[in-house]
Amino acid sequence: MKGVSILGSTGSIGVSTLDVIARHPGRYRIVALTANRQVDRLLEQCRRYHPKLVVLKDEKSARLLRQRVQAEGLDVMVQTGQQGLEKAATHPEAQIVMAAIVGAAGLLPTLAAVKSAKQVLLANKEPLVMAGDIIMQNARQAGAALLPIDSEHNAIYQCLPDRFEVAGEVSASQGLAAMGVRRILLTGSGGPFRSSDPQTLANVTPAQACKHPNWSMGPKISVDSATMMNKGLELIEACRLFACGPDEIDIVVHPQSVIHSMVEYVDGSVLAQLGNPDMRTPIAHALAWPGRMTSGVSPLDIFKVARLDFEPPDSKRFPCLLLARQSALVGGTSPTILNAANEEAVTAFLDGVLAFGRIPAIIEQTLGSMESVAADSLDIVLQADQEARACARGIIGVLETKPNKVI
Ligand code: NAD
Ligand code: MG
């Protein structure tokens, strides 16, 4: 039996991971589960999966959970904070770690899992955007196996030659061209506002932005999909995972979300991975890797799908795409700044203090007010992250105090 720790077990990816694992009794054992402050859901998971360790980021929630597991006589250790998260990420009984916390909060635990040479299933894309080189270097040094969970990156990984290894010495030094790859076609649905009148976009509500046509996901990534910053972050994520430049990646809008991405080779072959839009497929792929196992996802009915459409992305309507591509080209701490400003803008939007249409401007102004430096160390990255957050919050605050909240 393989031991598994799930960082962010109460979220959309966490719950899907537990669903896949529950379909294979005797194959995996849950070692540790973590959440931010969702006591009820974590307690339910303790009853069902009997982890050895659970971690709540929030102290108050941890105290509450401790009382409740004791009252029920469950044999589980409850810990808290950053230290607790890192314990879950490096637990000696876990061979596999699912990194499924949302946002920059996942950076340190993900890095801890990488350093302790786990098989790391990477759903949490923000750490790759903000500190991709550092994660890759540490993975190479420790010999950790990194497997992409983001559906597009998982698809690309499946379409690359078998000898390609994420953070592999040879793959990184030779590049994709040496493997006969001409370009990567990164697909995206275009989100809920793909064909909305741009005039109506400025004031959409969080509920409208979170209603994705094809995928059911957490609120942050749902808003990112609506601004298409998700595709922008994924462009940078792909550069990190596949050791390539942004010019080797084209974004393709594909509204049906059946093709999850493609790889084009120099001989004209284009390989694609298809499937129903359900994250349990990439999760099962990475859990069973290098084998295969069932995921609970229903087989793709190609006759029901019937047609596949493709369009170029509209970066006028979705300026975040261009901001992310520019940031990838600049490199250094520019993607760190982009990610931090985006997280702050999305939080403000979800909290009702920033208009949807202002999200790209907040990111652009933050990028414009800070200089990108080489992202050589974790300290430099963390400092850029903090400064960018303060800067973005300042810009949002200024806008917020304007008469009539014209934001
Ligand atoms: P979610 O909001 O549903 O879940 C996030 C999890 O992280 C929860 O368990 C939450 O308790 C925990 N968490 C939140 N803030 C935390 C903090 N400060 N400290 C510790 N734990 C914290 O998010 P999700 O949709 O499952 O996405 C998780 C990650 O996977 C994101 O980075 C997202 O971009 C990526 N991803 C998600 C999907 C999807 O279909 N949901 C697809 C591709 C990639
Ligand atoms: Mg994706």
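Start at 1 and go down the list; that is how both ligands and their atoms are numbered.
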Looking at ligand 1, is there an atom of it that comes within less than 4.0 Å of some heavy atom belonging to K125? yes
Please state whether G14 comes within less than 4.0 angstrom of ligand 1, counting heavy atoms only. no
Between R183 and E264, is there a side-chain N and carboxylate O pair less than 4.0 Å apart? yes
Of D224, T10, I149, I6, the residue with the heavy atom nearest atom 9 (O) of ligand 1 is T10
With respect to N124, determine whether any N or O atom, backbone or side chain, lies less than 3.5 Å from an N or O atom of ligand 1. yes
Classify the contact between E126 and ligand 1 as side chain, backbone, both or neither, using a heavy-atom distance cut-off of under 4.0 Å. side chain
Measuring centre to centre across the rings, with the benzene-like ring taken for any Trp, is F193 within less than 6.0 Å of F356? yes
E152 atom (N/O/S) at minimal separation from the Mg ion (ligand 2): OE1
For atom 28 (C) of ligand 1, what is the nearest protein heavy atom, given as residue, atom name and distance? A100 O, 3.4 Å
In E234, which N, O or S atom comes closest to the Mg ion (ligand 2)? OE2
Nearest to atom 3 (O) of ligand 1, what protein heavy atom do you find, and at what distance? S12 N, 2.9 Å
From I101, V129, L85 - option closest to atom 31 (C) of ligand 1 by heavy atom: I101
Should the pair D40-R68 be classified as a salt bridge under the 4.0 Å nitrogen-to-oxygen rule? yes
Pairs of nitrogen or oxygen atoms closer than 3.5 Å, one from A35 and one from ligand 1: do any exist? no
Using a strict cut-off of less than 4.0 Å between a Lys/Arg side-chain nitrogen and an Asp/Glu carboxylate oxygen, indicate whether K60 and D58 qualify as a salt bridge. no
the protein heavy atom lying closest to atom 11 (O) of ligand 1 turns out to be N36 N, 2.9 Å
Salt-bridge present (K231, E234; N to O < 4.0 Å): yes
Could you tell me whether R317 and D314 have a side-chain N and a carboxylate O separated by less than 4.0 Å? yes
Out of the N/O/S atoms in D150, what is the name of the one closest to the Mg ion (ligand 2)? OD1
If you have a sec, work out which protein heavy atom is nearest atom 33 (C) of ligand 1 and how many Å separate them, to one decimal? I221 CD1, 3.9 Å
